[in-house]
Amino acid sequence: MISYDEALDILMSEGACRNTETLALSSTVGRVAAQAIDSPRNLPSFDNSAMDGYAVRQADCRLASPQKPAGLNIAGLVTAGSKPQLPTDLRGKAVQIMTGAPIPEGFDAVIPIERVTSANNRLLTPYAPETSENIRRIGEDLIAGTRILRAHEQITAEKLMLCAAAGVFAVEVFRRPKLYVISTGDEVSESSAALDDKTKIFDANGPYLLAAAAREGIPCDFAGRINDTPGQLRAKLETIPPGSVIVSTGGVSAGVHDFVRGVLEKAGAEILFHKAAIKPGKPVLFAKLENGSYFFGLPGNPAAAAVGFRFFVLPLYRALQELPVERPLTGRLNAPVTRKPDLTLFLKASVTLDPDNGLWVDPLDGQESFKIHSLAQANAFIKLTGKCTRLTISTYVDVYPLSAQFPFLEKL
Ligand SMILES: Nc1nc2c(c(=O)[nH]1)N[C@H]1C(S)=C(S)[C@@H](COP(=O)(O)OP(=O)(O)OC[C@H]3O[C@@H](n4cnc5c(N)ncnc54)[C@H](O)[C@@H]3O)O[C@H]1N2
Ligand code: MOO
């Protein structure tokens, strides 16, 4: 049986099989850039007004005061998005201008409308602006050629905004294969009538995996529920396109119906690992199919399936997008924990912030892997590894929020 770290190494080494695709910018949030992008233009790309008011020449108003306002003829109006026809000689003149409108040639300041009076096309300003006042200069935000997206950087809504402003319409990102969920088990039923005989259960894992994948931005689909019958799994695999990630639950431990591994082996899949020294989720299986799809056989117990998704499936998606191994947050235990050495323990936990912004973690009651109520109360997992068997209150531990969507941490 391999350790969690060995399993993680195998998952991360599969990153060598990554591919890229070019997407419309609007579809790239959460995706990882495969290539750096430098801004094709300055931002702003032309001098423009920061205020609704009047564009003036600073020299024409420099002696203005409340006692002796400067008087200027108003030569026209410039609105955002327009290119006005203005007289060539603008000395001693002002132009009415709106926020975002281009500064007409020769003007070097904008006086906000609130600071002036006007009548009969004549402006009176008691205020003498500084040169460049209320003008947003070309390139003041960003000079053309500045890197706006690094390779391997996760695209946030804010980075997307910057790319949009710079006129970047398409981005090459790492491919994120579609995830297909299969729920296995004769006891897993789609019909509530079948539950009356007290042998059946509803499918909790299928809906969970689809929701958890969607939360991470992974495209996903339910491939269906099947019985503990090898033929049904074989048939289901035929329906899933090559190059996908398939996640099944159930049928991977030691029971008479634990058929998943056998089906994969007969189909020529390479079993990359089966069973890891972890709790919960020990029977986890990871394989590569002949058609290039990856297959995760997660255990059927719901909390074990959740751990399998968070700590096995998500790391593969990181590897396929050339992201490094996820770095955990660090929190302090609010209660002591005992554990077996050499077994990576994942605990459902509730994380809170103290007044100094320190993280404190409470391992929740109900750690058994069939218990869903405690999972629903958790907001994180604690991951415990190493030899230490008794962890006292205040011990620092690794904390993984239930969702891995913390792209800002990649910067640290
Ligand atoms: N003799 C042994 N027995 C078991 C071992 C072992 O090593 N030796 N491992 C235990 C551990 S740990 C786990 S975890 C489970 C995993 O078993 P399987 O992956 O084969 O899953 P099943 O036996 O099919 O189901 C386990 C449990 O989960 C329930 N289940 C299954 N599918 C769903 C679903 N879609 N939604 C909700 N609940 C589901 C199922 O009814 C079972 O109660 O094996 C232990 N046994
Ligand atoms: O790995 Mo199992 O999840 O402990 O029941």
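Owing to the predicted nature of the structure, the values given are computational and were not obtained by experimental measurement. Nothing fancy with the numbering, it's 1 onward along the sequence.
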Exercise. Decide salt bridge (Lys or Arg N to Asp or Glu O under 4.0 Å) for E216 and R318; before the verdict, give the C-alpha distance in whole Å, the side-chain angles of both, and the deciding distance to 0.1 Å.
Key: CA-CA 11 Å; E216 304 301 321; R318 288 182 71 87; over 6 Å; no
Quiz prompt | Verdict with supporting geometry, I103 and I97, side-chain contact (heavy atoms from CB on, under 4.5 Å) | solution = CA-CA 8 Å; I103 303 293; I97 193 162; 3.9 Å; yes
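- Taking S244 as the reference, nothing meets the side-chain hydrogen bond (donor to acceptor under 3.5 Å, both in side chains) condition, with sequence neighbours excluded.
- Listed here is the closest heavy atom pair of Y317 and P177: OH-O, 2.7 Å.
- Environment of CG in D365: sparse, with no more than 12 heavy atoms of neighbouring residues, nucleotides or ligands closer than 6.0 Å.
- Using bins of under 30°, 30° to 60° and over 60° for the plane-to-plane angle, the ring pair Y208/F309 lands in the perpendicular bin.
- When all heavy atoms of P315 and Y4 are compared, the closest pair comes out as CG-OH, 4.2 Å.
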Self-check item: Full working for side-chain hydrogen bond (donor to acceptor under 3.5 Å, both in side chains) between N334 and W360
Solution: CA-CA 6 Å; N334 242 345; W360 286 88; over 6 Å; no
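- Atom NZ of K178 has more than 12 neighbouring heavy atoms from other residues, nucleotides or ligands inside a 6.0 Å radius.
- Ion pair R310/E326 flagged as a salt bridge, since at least one NZ, NE, NH1 or NH2 atom sits closer than 4.0 Å to an Asp/Glu carboxylate oxygen.
- With contacts defined as side-chain heavy-atom distances shorter than 4.5 Å, the pair I382/L333 qualifies.
- The local environment of CZ in R62 is sparse, with at most 12 non-hydrogen atoms from other residues, nucleotides or ligands closer than 6.0 Å.
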Practice problem: Would you sort out whether D258 and S253 count as a side-chain hydrogen bond (donor to acceptor under 3.5 Å, both in side chains), showing the intermediate values? | Solution: CA-CA 6 Å; D258 291 337; S253 66; 2.9 Å; yes
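- Judged by distance alone, with hydrogens and angles left aside, the side-chain atoms of D89 form a donor-acceptor pair with the main-chain N or O of R91 at under 3.5 Å.
- Among all heavy-atom pairs drawn from A335 and P363, the shortest one is CB-CD, 4.2 Å.
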Quiz item: Can you check salt bridge (Lys or Arg N to Asp or Glu O under 4.0 Å) on R136 and D47, steps first, answer last?
Solution: CA-CA 6 Å; R136 307 188 288 207; D47 291 350; over 6 Å; no
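- Shortest non-hydrogen contact noted between V95 and P104 is CG1-CG, 4.2 Å.
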Practice problem: Determine, step by step, whether Q232 and N227 satisfy the side-chain hydrogen bond (donor to acceptor under 3.5 Å, both in side chains) criterion, reporting the C-alpha distance in whole Å, the side-chain angles of both residues, the deciding distance to 0.1 Å, and the verdict. | Solution: CA-CA 7 Å; Q232 286 193 19; N227 288 102; 3.2 Å; yes
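- When all heavy atoms are compared, the tightest approach of M12 to P324 is CE-C, 3.8 Å.
- Side-chain atoms of I2 and I10, non-hydrogen and from C-beta on, do get closer than 4.5 Å to each other.
- Not a single donor-acceptor pair under 3.5 Å links the side chain of T249 to the backbone N or O of S183.
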Exercise. Step by step, work out the side-chain hydrogen bond (donor to acceptor under 3.5 Å, both in side chains) result for N379 and S350.
Key: CA-CA 5 Å; N379 58 9; S350 166; 4.6 Å; no
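- No more than 12 heavy atoms of other residues, nucleotides or ligands lie within 6.0 Å of OH in Y396, so this atom counts as exposed by the packing criterion.
- For N120, there are no side-chain hydrogen bond (donor to acceptor under 3.5 Å, both in side chains) partners, not counting sequence neighbours.
- When I246, L285, V245, V181 are each tested for a side-chain contact (heavy atoms from CB on, under 4.5 Å) with F296, only one passes: V245.
- With ring centers used as reference points, F312 lies 6.0 Å or more from F286.
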Exercise. For the pair N205 and D203, evaluate side-chain contact (heavy atoms from CB on, under 4.5 Å) and give the outcome as yes or no after the intermediate values.
Key: CA-CA 6 Å; N205 296 340; D203 182 7; 4.1 Å; yes
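- Of all the heavy atoms in D108 and I135, the pair that sits closest is C-CD1, 3.3 Å.
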Quiz item: side-chain contact (heavy atoms from CB on, under 4.5 Å) between F295 and L237: does it pass, once the steps are laid out?
Solution: CA-CA 10 Å; F295 188 101; L237 292 180; 3.9 Å; yes
